[in-house]
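Report on one structure; see the data block that follows.
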Amino acid sequence: MSPNATVFNRLWIATVVLGFGNTLNFVYLKLSNRQLNLQSVEDRPYTKTVILLLLGLGFSYLGFQSLWAWSITQTSIGISTVLHNFTPIFTTLSAWIFFGQRFEEKFLIGMVITIVGIVFIGIEDIQIANGTTNKILGDAAALFSAVFYAGYLLIIEQLQSKLSATKILMWSSLTGAILILPILILTGEKIFPYSWNGWLAVICLAVICQVLGLGLITYTLNKLSAGFVALFLLIDPVLTAIEAWIIFSERLSLWDWIAFVLVLLGIYLALSSKSSIQEE
């Protein structure tokens, strides 16, 4: 299947799973007479603002997934990964410009140190690609994927006071599936898997990555700032590299170990600042 078809199946399956879960929760609350009639997040109406935010959330998700996937086909994986991991910069900058959020100096220093560490992780791939890959569009797509991902995290942060985490994820998955379906129809791509292995793969993507993975990220944005969450997610390349070293005996250079230390140090500095906590 194409990347777009994979994303579509991941999203609609996640929508079904989350919809079923939300329905069970609703029935449980009704049967136990816990109808939450006061200022409950679950009962707040779907205003025009909420609907627009949900549409923006689905669009942002498709933007960062599609652009990042396409950028890897146009430029090196190392360059694409480094540029995509500039997400914390755009997240904090957007939070400052659009929402007036302020970030402590310790947080900003931690962010800079972490991003330098991420650059170190991808430095070997960049050096290997130097002179063989010069595709500006691919680099630009990776950078814009970081912008869309920043928007995705910030919108979730704004929705936390209006909807529960499961409903945010359900509606964003549904919106994303609806937005990407016309692209599949126009391009004539095969929409559904044609084998049991294919179905198993997209179901795992939907349940493990979309529902559990993004569900946990969505929940944390109720407690932690979007800027810190974007920064903390940069630990992913560190864990991936260490797992590859342990499981597949992949070589780790001195640059890699220096990068790991810098990433962990930067995250620690950011976490120890007040800017990492969600403002009330």
Side-chain angles (χ1 to χ4, degrees), residues 41 57 60-61 64 68 81-123 143 145-161 164-166 168-169 172 208-246 252 254-280:
V41 170
L57 191 63
S60 298
Y61 177 82
F64 93 78
W68 193 17
T81 302
V82 168
L83 292 174
H84 176 74
N85 284 327
F86 284 171
T87 297
I89 296 177
F90 296 113
T91 306
T92 53
L93 187 61
S94 298
W96 173 58
I97 294 175
F98 297 109
F99 304 113
Q101 293 184 17
R102 296 291 184 266
F103 296 90
E104 291 183 342
E105 183 177 342
K106 184 186 293 187
F107 179 90
L108 297 176
I109 293 174
M111 181 181 70
V112 172
I113 292 175
T114 303
I115 291 175
V116 170
I118 291 298
V119 172
F120 276 12
I121 292 177
I123 199 166
L143 194 60
S145 73
V147 175
F148 276 101
Y149 195 26
Y152 176 80
L153 295 175
L154 286 169
I155 292 174
I156 290 179
E157 188 179 47
Q158 296 302 307
L159 282 168
Q160 286 290 352
S161 62
S164 65
T166 54
I168 292 172
L169 193 57
S172 66
I208 298 174
C209 299
Q210 189 72 17
V211 176
L212 295 180
L214 287 180
L216 289 172
I217 292 174
T218 302
Y219 176 77
T220 59
L221 284 166
N222 190 37
K223 306 295 182 182
L224 301 172
S225 68
F228 176 74
V229 171
L231 187 64
F232 188 84
L233 289 175
L234 294 186
I235 202 173
D236 180 55
V238 175
L239 297 177
T240 301
I242 293 176
E243 288 172 1
W245 174 56
I246 296 173
L252 291 177
L254 178 61
W255 282 114
D256 292 323
W257 291 109
I258 294 174
F260 297 164
V261 173
L262 289 174
V263 170
L264 294 176
L265 175 61
I267 290 176
Y268 171 76
L269 287 174
L271 179 60
S272 61
S273 72
K274 293 181 181 179
S275 300
S276 64
I277 307 300
Q278 177 71 271
E279 294 182 0
E280 297 293 340

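All residue numbers refer to positions in the sequence shown, counting from 1.
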Let me have the donor-acceptor pairs involving side chains of residues 258-272, under 3.5 Å, with sequence neighbours excluded, atom names and distances please.
{"residue": "Ser272", "atom": "OG", "partner": "Tyr268", "partner atom": "O", "Å": "3.2"}
{"residue": "Ser272", "atom": "OG", "partner": "Leu269", "partner atom": "O", "Å": "2.8"}

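Contact annotation: the side chain of Leu159 never approaches that of Thr218 to less than 4.5 Å [non-hydrogen atoms, C-beta and beyond]. Thr114 places none of its side-chain heavy atoms less than 4.5 Å from the side chain of Met111.
Evaluation of the ring pair (Phe, Tyr, Trp, His ring centres under 6.0 Å) rule for Phe148 yields Phe59 as partners, not counting sequence neighbours. For the ring pair (Phe, Tyr, Trp, His ring centres under 6.0 Å) test, residues two or more places apart in sequence or in another chain that qualify with Phe232 are Phe228. Here Tyr149 pairs with nothing under the side-chain hydrogen bond (donor to acceptor under 3.5 Å, both in side chains) rule; sequence neighbours left out. Applying the ring pair (Phe, Tyr, Trp, His ring centres under 6.0 Å) test to Phe107 and every residue at least two apart in sequence or in another chain returns Phe103. Under the rule for a side chain to side chain contact (heavy atoms under 4.5 Å, CB included), the partners of Leu143 that lie at least two apart in sequence or sit in another chain are Leu83, Phe86, Phe90.
Exactly one of Ile155, Leu154, Leu153, Leu169 qualifies for a side-chain contact (heavy atoms from CB on, under 4.5 Å) with Leu57. That residue is Ile155.
Atom CH2 of Trp257 has more than 12 neighbouring heavy atoms from other residues, nucleotides or ligands inside a 6.0 Å radius.
To the nearest 0.5 Å, atoms CG (Leu214) and OH (Tyr152) are separated by 4.5 Å. To the nearest 0.5 Å, atom CD1 of residue Ile115 and atom CD1 of residue Ile113 are 11.0 Å apart. Atom-to-atom distance recorded for Ile109:CD1 and Glu104:CD is 10.5 Å, nearest 0.5 angstrom. Within the model, atoms CD1 of Ile235 and CD1 of Ile118 stand 9.5 Å from one another, a figure rounded to the nearest 0.5 Å.
No side-chain donor-acceptor contact under 3.5 Å links Gln101 to the backbone of Ala95.
Considering every non-hydrogen atom in both Leu221 and Gln160, the closest pair reads O-CG, 3.7 Å. Here the closest non-hydrogen pair linking Pro88 and Ala230 is CG-O, 3.6 Å. When all heavy atoms are compared, the tightest approach of Gly151 to Ser60 is C-OG, 4.2 Å.
Residue pairs meeting the side-chain hydrogen bond (donor to acceptor under 3.5 Å, both in side chains) criterion with at least one partner in residues 82-92, sequence neighbours excluded, are His84-Ser145.
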